[in-house]
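Okay, structure first, notes after.
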Amino acid sequence: MTEEIVKMEKFDVVIIGSGPGGYVAAIRAGQLGLKTAIIEKDKELGGTCLNVGCIPSKALLTSSDHFVFAKKEAEKHGIVIENARVDLNKMQQRKDKVVKTLTGGVRALMKTNKVTTFEGLGTIAAPGKVSVKSSDGKTQEIETKNIIIATGSAAIELPFAKFDGKTIVSSTEALTFTEPPPKFLVIGAGAIGLELGSVWARLGSEVTILEFLPRIAVGYDLELSNLLQRSLTAQGMTFHLETKVTAVKIDNGRVTATATKGNEELKFEADKVLVSVGRRPFAEGVGAEKVGVEVDEKKRIKIDNHFRTNVEGIYAIGDVIADRCSRIRPPMKASLALKSSPERPVM
Ligand SMILES: Cc1cc2nc3c(=O)[nH]c(=O)nc-3n(C[C@H](O)[C@H](O)[C@H](O)COP(=O)(O)OP(=O)(O)OC[C@H]3O[C@@H](n4cnc5c(N)ncnc54)[C@H](O)[C@@H]3O)c2cc1C
């Protein structure tokens, strides 16, 4: 593929990444009258949240909840639904439609707010210069007064359980199964593992959750996480807490996970395993470090209280920055608990 460089355009602000961080920043910048551009490497705008995160997971949670209602609850209300069953294809089509409507909405908002959209990989060539490499090999150079890095996050892999997209999956694939895996293992009892575990449990999978810590939903109120565990157990999910997975093997398309709990070694067999042990900041290909942008020990971009990095004219927002990647599992801080709930004693 030959590389072709086309003419340079000039902007006040260029945003790299179109997730909830990037697209909201772009809309606001446009509203403030700044000549704004947004660069997205994926086909659709909206980032993780709209395409493979918050929105599709909530669409499936809603649909699977309707199924449980039809099957188990409706009768108590005097509503007779005979032989309630799932058409998973249709359920997935509805989810895709919800996603499409919202990502299409973001694209329309870019137009309304006069934001120029570039499709391709955005790389900071120097402060004030960004290149966009599109899939057809063309590279476009953009000049800008300000750059906002909003490149988000990616699922963390376990060294002994690399994603293969089929048997060892991340949340992205767990949103697109075409049938409920008969036995579904989930490593990690954070928000994402619990949400997707409960979707597939409601749709018929036998779901087992393995969690290293002594409780589920760490980062949330202890009372709430205990209640949630009781409720999910009642829905048929099995929990193994203080259980450390040490190996995952695939044999003939089936998973065997080995784990330790105290001095005991446990084995779990399943058809698929979801590794949901957290997310890491994603800034590969952006070239931030090459132009001197400082990152912390977890590769999160360091910012000040105004979202400025240490390099003049370069800002960062969203999951890629320090303290934001933990949004799913917010840090447990006594000072935060005190601020949000002054009457509650701090343990
Ligand atoms: C299954 C799941 C469920 C979730 N549910 C919730 C929820 O209920 N509530 C909640 O608050 N959060 C939820 N989250 C988390 C939420 O999705 C993220 O916090 C949010 O998307 C972060 O927004 P962002 O803009 O920082 O990054 P992202 O949404 O990750 O967007 C970053 C974008 O940048 C693009 N990009 C990266 N590098 C480049 C480059 N070099 N050039 C061009 N484009 C690039 C990426 O393709 C991506 O589109 C969920 C996440 C998952 C996975």
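In each ligand, atom 1 is the first atom listed, and ligand 1 is the first ligand listed. The structure displayed is predicted, hence computed values, not measured ones.
By the 4.0 Å N-to-carboxylate-O rule, Glu269 lies close enough to Arg254 to be salt-bridged with it. For Asp12 and Lys145, the salt-bridge test passes: some basic side-chain N is under 4.0 Å from an acidic carboxylate O. Residues Glu264 and Lys261 are not paired through a salt bridge, judged by the lack of any N-O separation under 4.0 Å between the basic side chain and the carboxylate.
Assignment of Ala155 to the shell around ligand 1 is not supported, since no heavy atom sits closer than 4.0 Å.
A donor-acceptor pair shorter than 3.5 Å cannot be found between the side chains of Ser198 and Glu195. Side-chain contact check for Thr167 and Lys272: no donor-acceptor pair (N or O, by modelled atom type) lies under 3.5 Å. Judged purely by distance below 3.5 Å, without hydrogens or angles, the side chains of Lys90 and Gln93 never pair a donor atom with an acceptor atom.
Every N/O-N/O distance between Gly46 and ligand 1 stays at or above 3.5 Å. Considering both main-chain and side-chain atoms, Glu284 never comes within under 3.5 Å of ligand 1 through any nitrogen or oxygen pair. For the pair Gly21 and ligand 1, the shortest N or O to N or O distance falls below 3.5 Å. Polar contact with ligand 1: absent for Glu195 (N/O pair, distance under 3.5 Å). The shortest N or O to N or O distance between Phe282 and ligand 1 is not under 3.5 Å. Below 3.5 Å of separation, one finds no N or O of Ser57 facing any N or O of ligand 1.
Of the candidates Ala174, Gly19, Cys49, the one placing a heavy atom closest to atom 31 (O) of ligand 1 is Gly19. Of the listed options Ala191, Ala283, Cys54, Cys54 places a heavy atom closest to atom 12 (N) of ligand 1.
Looking at Ser171 against ligand 1, only its side chain comes within 4.0 Å, counting heavy atoms. With a 4.0 Å cut-off on non-hydrogen atoms, Thr48 touches ligand 1 through its backbone as well as its side chain. Under 4.0 Å from ligand 1, the heavy atoms of Ile16 that appear belong solely to its side chain. At a 4.0 Å heavy-atom cut-off, ligand 1 touches Ser153 through the backbone alone. Counting heavy atoms under 4.0 Å from ligand 1, residue Pro20 touches it through both backbone and side chain.
Remark: ligand 1 atoms within the under-4.0 Å shell around heavy atoms of Gly152 are 26 (O), 27 (O), 28 (P), 30 (O), 32 (C). Atoms of ligand 1 found under 4.0 Å from any heavy atom of Lys58, numbered from 1 in the order shown, are 5 (N), 6 (C), 7 (C), 8 (O). Below 4.0 Å from some heavy atom of Val286 lie the following atoms of ligand 1, by number and element: 41 (N). Atoms of ligand 1 found under 4.0 Å from any heavy atom of Gly47, numbered from 1 in the order shown, are 29 (O), 31 (O), 48 (C), 49 (O). Residue Leu121 approaches ligand 1 through these ligand atoms, each under 4.0 Å from one of its heavy atoms: 40 (C), 41 (N), 42 (N). The atoms of ligand 1 that sit less than 4.0 Å from any heavy atom of Asp319 are 18 (C), 19 (O), 20 (C), 22 (C), 26 (O). Atoms of ligand 1 lying under 4.0 Å from any heavy atom of Gly120, numbered from 1 in the order shown and given with element: 42 (N), 43 (C). Ligand-side atoms of ligand 1 in range of Ala150: 32 (C), 33 (C), 34 (O), range being under 4.0 angstrom from any heavy atom.
Nearest approach of Ala174 to Phe184, heavy atoms of both residues: CB-CZ, 4.4 Å.
Atom CZ of Phe163 is separated from atom OG of Ser170 by 5.0 Å, given to the nearest 0.5 angstrom. Of the inter-residue distances, the one linking Leu210 atom CG with Thr208 atom OG1 reads 7.0 Å to the nearest 0.5 angstrom. Atom-to-atom distance recorded for Arg280:CZ and Lys299:NZ is 11.0 Å, nearest 0.5 angstrom.
Shown here is Phe67, whose CZ atom has more than 12 heavy atoms of other residues, nucleotides or ligands within 6.0 Å. For NZ of Lys244, the number of neighbouring non-hydrogen atoms (other residues, nucleotides, ligands) closer than 6.0 Å is 12 at most.
Side-chain atoms of Glu73 and Lys76, non-hydrogen and from C-beta on, do get closer than 4.5 Å to each other.
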